[in-house]
K.L.:
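Can you keep this structure in mind? I'll have questions shortly.
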There are 2 protein chains.
Amino acid sequence: MSADKPLPAHKGQSGESVRQHNLSTVLRLVHLQGTILRSKITATTGLNRSTVSDLVAELSELGILVEKETAAPTGVGRPSLAVSAADNIVAFSVNPEIDATTVAAVALSGRVVSKERRLMRSHPTAQDSIAVSAEMIDSMRKQLEPGTRIVGVGVSVPGQVRSSDGVIRFAPQLGWVEQAFAASLSQSTGLPVYLANDASLGCVAESRFGAAKDINDAVFLFAGSGGIGGGVISNGRNITGAAGYAGELGHIRISSSKQLDYSGFSGTLEALVRRNDLLDIFRLYVATDEELDAEIRSTESTKARKLLEQQVSSLADGISTLVNIFNPEVVVLGGFLTSLFDFAPDQLIAEMKQGALAAASERVVIRKGALGSNLLVLGAAELPFEALLEAPSSFRLTDA
Amino acid sequence: MSADKPLPAHKGQSGESVRQHNLSTVLRLVHLQGTILRSKITATTGLNRSTVSDLVAELSELGILVEKETAAPTGVGRPSLAVSAADNIVAFSVNPEIDATTVAAVALSGRVVSKERRLMRSHPTAQDSIAVSAEMIDSMRKQLEPGTRIVGVGVSVPGQVRSSDGVIRFAPQLGWVEQAFAASLSQSTGLPVYLANDASLGCVAESRFGAAKDINDAVFLFAGSGGIGGGVISNGRNITGAAGYAGELGHIRISSSKQLDYSGFSGTLEALVRRNDLLDIFRLYVATDEELDAEIRSTESTKARKLLEQQVSSLADGISTLVNIFNPEVVVLGGFLTSLFDFAPDQLIAEMKQGALAAASERVVIRKGALGSNLLVLGAAELPFEALLEAPSSFRLTDA
DNA sequence: ATCTATTTGTTGTTTTAAACAACAAGTATC
DNA sequence: GATACTTGTTGTTTAAAACAACAAATAGAT
């Protein structure tokens with residue numbers, strides 16, 4: 001009945017855990033803000049000058065942070081030192097898609113060190129994908145600067161991932177079911193591997209570095225050829241749910257329509273806002289988001305415009321529901337949803353407000369994603385980085 | 001661009017804040033678990049025996065906790081002391097409804113010290129309600145045991161409340177708009193007053209003391225005569241949103257039906273699962289939840305059973321959407337939704353699973369609320385208690 | 001060019017609170 | 001009644017943040 005397991009919520013704090021927390025706080029600040037003055041760290045953390053000095057020294061010792069003298073002094077008084085995240089600590093990010101696999105190396109400083117997209121035959125098995133990923137990581141690893149250290153691998157998966165053990169439960173586009181992706185890729189590379197849903201990672205990336213930076217409550221909707229994915233930041237934290245499947249915002253039911261989405265549910269947001277329907281009406285077979293966007297911007301076809309208006313309406317319905325549920329400050333759109341937004345921003349906003357409570361919707365801002373093609377690259381890299389940020393002094397880095 | 005305000009997320013921890021945190025942790029543990037052995041506190045917090053001894057001593061000194069020798073020893077070894085929350089520290093909870101106002105005094109120990117429900121003429125103004133509440137609190141205050149100290153007042157509001165200043169933005173049933181309830185009631189009583197949405201507070205109560213105790217991810221749906229309200233616990237925390245309006249789960253759109261809910265939105269969960277529709281079909285004008293439940297259990301009418309099945313379907317649709325969004329462990333139902341559940345549990349569960357992702361729904365349990373008529377009494381009291389739990393050593397208690 | 005005010009880094013000391021260690025107290029089992 | 005076991009108590013140690021004093025580096029004033 002009562003909790004025999006020591007819930008983390010009821011954990012006390014000892015002296016050492018305070019040190020861990022403070023190291024973590026400083027490192028996270030630098031990772032998120034980029035290069036930052038030490039005096040600024042002192043101000044934002046509220047810690048004493050000498051304490052910050054000591055913390056930064058320890059992190060520098062570990063090779064995680066770097067201190068440099070500021071090139072141009074900023075004002076009166078002794079110039080403060082600039083603190084940056086190490087440029088030679090990298091995470092690999094992997095994004096398997098239906099027709100290609102993207103692998104990148106991202107430095108803790110945020111720099112994308114290298115990035116490669118390899119086309120694959122359609123419908124690769126998970127084993128194929130793991131083999132290709134491992135090989136790409138291996139070759140990329142050899143080209144890293146000497147002395148570079150590796151945090152691990154983050155994989156963005158277009159499907160549902162069990163967070164506890166990194167098993168892909170179901171990836172509809174790829175046709176994968178119950179694949180122990182993390183364990184297998186970890187075996188092949190000798191590196192720790194972390195998995196999460198792609199849209200959730202996009203959400204994390206936009207909230208840390210993009211359109212929702214410094215926002216505590218945000219909702220994300222990303223649409224691609226595989227449907228609509230989503231993510232939520234509430235009170236500054238990504239909502240994951242009990243097992244990691246939360247945030248499937250494409251599958252919220254908003255209508256009685258019998259139209260099906262890619263997972264076979266009817267009347268959902270994903271069923272009514274379909275990229276393929278737009279491609280069809282423009283008589284396109286495949287198209288990049290840019291090409292589709294150009295068509296949407298320029299079309300004069302009444303039929304096309306009507307479909308677009310319907311999709312905008314459905315999107316507004318979906319956003320209304322999410323606003324009522326989450327009361328976010330910002331709603332961030334990605335993929336071709338940005339084109340829908342641009343097509344009829346006033347309609348979208350008006351219909352969204354009409355379907356949502358005034359109090360919850362009055363301050364909501366709808367915004368386009370800011371990270372473009374680096375969205376998932378940065379998002380996936382945050383998974384291993386998060387592990388490092390959580391325990392900077394005890395995390396085991398791997399030599400390149 | 002970058003954060004000039006020191007975000008709490010980037011706050012460091014000093015020695016003193018550790019003490020605060022640990023005092024808070026111990027006190028919260030006792031408040032949530034009820035009477036608990038000191039050895040158990042040591043085990044769950046992970047703190048040293050002597051540290052726990054010291055922390056409990058400080059809280060006892062403050063009169064917040066009480067240590068007693070255990071009546072019946074539990075096993076081998078020196079018997080541990082039983083730690084309880086003080087029974088003479090109380091919070092008032094207030095619940096204004098359309099036809100009555102309920103005021104109660106709740107002890108930190110969880111005991112409901114007193115409770116009174118006063119009938120009022122229909123459609124009271126906010127001023128009426130504040131005056132009546134203040135008067136009820138005053139008279140109840142006089143009857144408290146000597147030496148009792150007061151934490152504050154928590155108000156559960158059937159409407160949207162801005163959390164920053166306790167202004168009621170809109171309470172559709174009561175017809176209130178923009179009422180500075182907290183400020184006004186605080187003026188009248190001389191006590192700190194906290195406000196929140198009623199369903200959110202019910203959610204907090206069930207998650208701390210009721211059907212979702214020790215559950216980190218739970219969704220709550222409560223239905224009454226005023227519609228359907230909701231609340232969410234994600235990662236152990238109640239979701240409030242940017243301004244406090246999150247959790248309006250009754251207003252999620254699940255259908256294209258033109259049926260309107262109490263806030264004028266069409267096709268929402270609240271529009272399709274209406275208590276009044278059930279009352280109508282049973283030819284009841286007013287009825288308690290118990291009376292309605294009896295009708296639902298015993299009805300043989302085909303028309304009634306069809307309506308009930310429709311409502312169960314709609315409820316299942318709503319829960320599916322919420323399961324896809326939140327991946328909860330438990331969904332808790334309250335009000336007449338429990339009767340719907342009892343009417344057709346298999347249908348509800350089957351249809352819910354049909355509309356939700358397998359991964360997210362496979363482990364979900366649908367459960368009835370456990371707190372009955374004390375739901376809002378306990379929930380509202382948690383608001384002032386929370387302030388005390390947050391800062392036990394510096395919180396200013398008021399003498400009765 | 002020099003002086004002053006200002007800000008920040010550095011170093012050595014103090015303080016706080018948790019951990020630790022040793023012992024006493026109380027219970028159950030043999 | 002002896003022994004093992006668990007918990008409370010007390011005094012000591014330790015870790016880390018705060019503090020204080022001073023040095024360093026800048027901008028602006030004289």
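Heavy atoms only: backbone and side chains are in, while hydrogens, waters and symmetry mates are out. A note on names: the letters A, B, ... follow the listed sequences, proteins ahead of strands, and every chain is numbered from 1.
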K.L.:
At less than 4.0 Å, is any side-chain N or O atom of A/Asn22 found next to OP1 or OP2 of D/dA17? Yes or no.
P.N.:
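True: A/Asn22 side-chain N/O within range (under 4.0 Å) of D/dA17 OP1/OP2.
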
K.L.:
Which one, D/dT7, D/dA25, C/dT8, comes nearest to the side chain of A/Pro79?
P.N.:
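Nucleotide nearest to A/Pro79's side chain: D/dA25.
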
K.L.:
Can you tell me how far P of C/dG9 sits from CD of A/Glu67, to the nearest Å?
P.N.:
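Going from A/Glu67 (CD) to C/dG9 (P), I get 8 Å.
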
K.L.:
With no hydrogens and no angle check, is any side-chain donor or acceptor of B/Arg149 less than 3.5 Å from a backbone partner on B/Thr398?
P.N.:
no

K.L.:
If you only use heavy atoms from C-beta on, which nucleotide in C/dG9, D/dA17, C/dA18 is closest to the side chain of A/Leu81?
P.N.:
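Shortest atom-to-atom distance from the side chain points to C/dG9.
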
K.L.:
Closest to the B/Thr51 side chain: C/dA19, D/dT7, D/dC19?
P.N.:
C/dA19

K.L.:
Distance check needed: D/dT7 P versus B/Ile41 CD1, whole Å only.
P.N.:
13 Å

K.L.:
Grab the CZ-C1' distance between B/Arg49 and C/dA25 for me, whole Å please.
P.N.:
12 Å

K.L.:
Once you round it to whole Å, what is the distance between C1' of D/dT10 and CG of B/Asp54?
P.N.:
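Rounding to the nearest Å, CG of B/Asp54 and C1' of D/dT10 are 12 Å apart.
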
K.L.:
Under 4.0 Å: is that the gap between some side-chain N or O of A/Ser80 and OP1 or OP2 of C/dG9?
P.N.:
yes

K.L.:
Using whole Å, what does the distance between atom C1' of nucleotide D/dT7 and atom CG of B/Leu47 come to?
P.N.:
16 Å

K.L.:
Taking only side-chain nitrogens and oxygens of A/Ser53, does any of them come within less than 4.0 Å of OP1 or OP2 of C/dG9?
P.N.:
no

K.L.:
Measure from NZ on A/Lys68 to P on D/dA25 and round the result to the nearest Å.
P.N.:
19 Å

K.L.:
Would you name the heavy atoms of B/Leu378 and B/Val106 that are closest together and state the gap between them?
P.N.:
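Scanning both residues, the minimum pair turns out to be CD2-CG1, 4.0 Å.
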
K.L.:
Is the shortest side-chain N/O distance from A/Arg19 to OP1 or OP2 of D/dA17 below 4.0 Å?
P.N.:
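Yes.
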
K.L.:
Flag the pair A/Val153 / A/Tyr194 as yes when at least one side-chain heavy-atom distance between them is below 4.5 Å, and no otherwise.
P.N.:
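When only atoms from C-beta onward are counted, A/Tyr194 and A/Val153 do not touch, as no gap falls below 4.5 Å.
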
K.L.:
Nearest-Å distance, NE2 (A/His21) to P (D/dA16)?
P.N.:
15 Å

K.L.:
When you measure from the side chain of B/Ser53 to the backbone of B/Arg49, do you find a donor-acceptor pair of N or O atoms at a distance under 3.5 Å?
P.N.:
no

K.L.:
Would you say A/Arg363 has more than 12 foreign heavy atoms packed within less than 6.0 Å of its CZ?
P.N.:
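12 or below, so no.
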
K.L.:
Between A/Gly77 and B/Val76, just flag the one whose closest nucleotide in DNA chain D comes earlier from the 5' side.
P.N.:
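The residue whose closest nucleotide sits nearer the 5' end is B/Val76.
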
K.L.:
Taking the nucleotide of DNA chain D with the nearest heavy atom to each, does B/Thr42 or A/Asn48 sit closer to the 5' end?
P.N.:
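Closer to the 5' end of DNA chain D: B/Thr42.
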
K.L.:
Tell me whether the rings of B/His31 and B/Phe209 are parallel (<30°), tilted (30 to 60°) or perpendicular (>60°).
P.N.:
perpendicular

K.L.:
In whole angstrom, what separates A/Glu69's CD from D/dA24's P?
P.N.:
14 Å

K.L.:
Determine: side-chain N/O of A/Arg38 to OP1/OP2 of C/dT10, distance under 4.0 Å, yes or no.
P.N.:
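Indeed, a polar side-chain atom of A/Arg38 lies that close.
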
K.L.:
Hey, does A/Ser50 reach any base, or is it just sugar-phosphate, or nothing, if we go heavy atoms under 4.0 Å?
P.N.:
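Counting heavy atoms under 4.0 Å across all strands, the contact made by A/Ser50 includes a base.
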
K.L.:
Side chain of A/Arg78 only, please: which of D/dA24, D/dC5, D/dC19 is the nearest?
P.N.:
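Selected nucleotide: D/dA24.
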
K.L.:
Taking the side chain of A/Ser39 as its heavy atoms from C-beta onward, which of D/dT7, D/dA17, C/dT8 lies nearest to it?
P.N.:
C/dT8

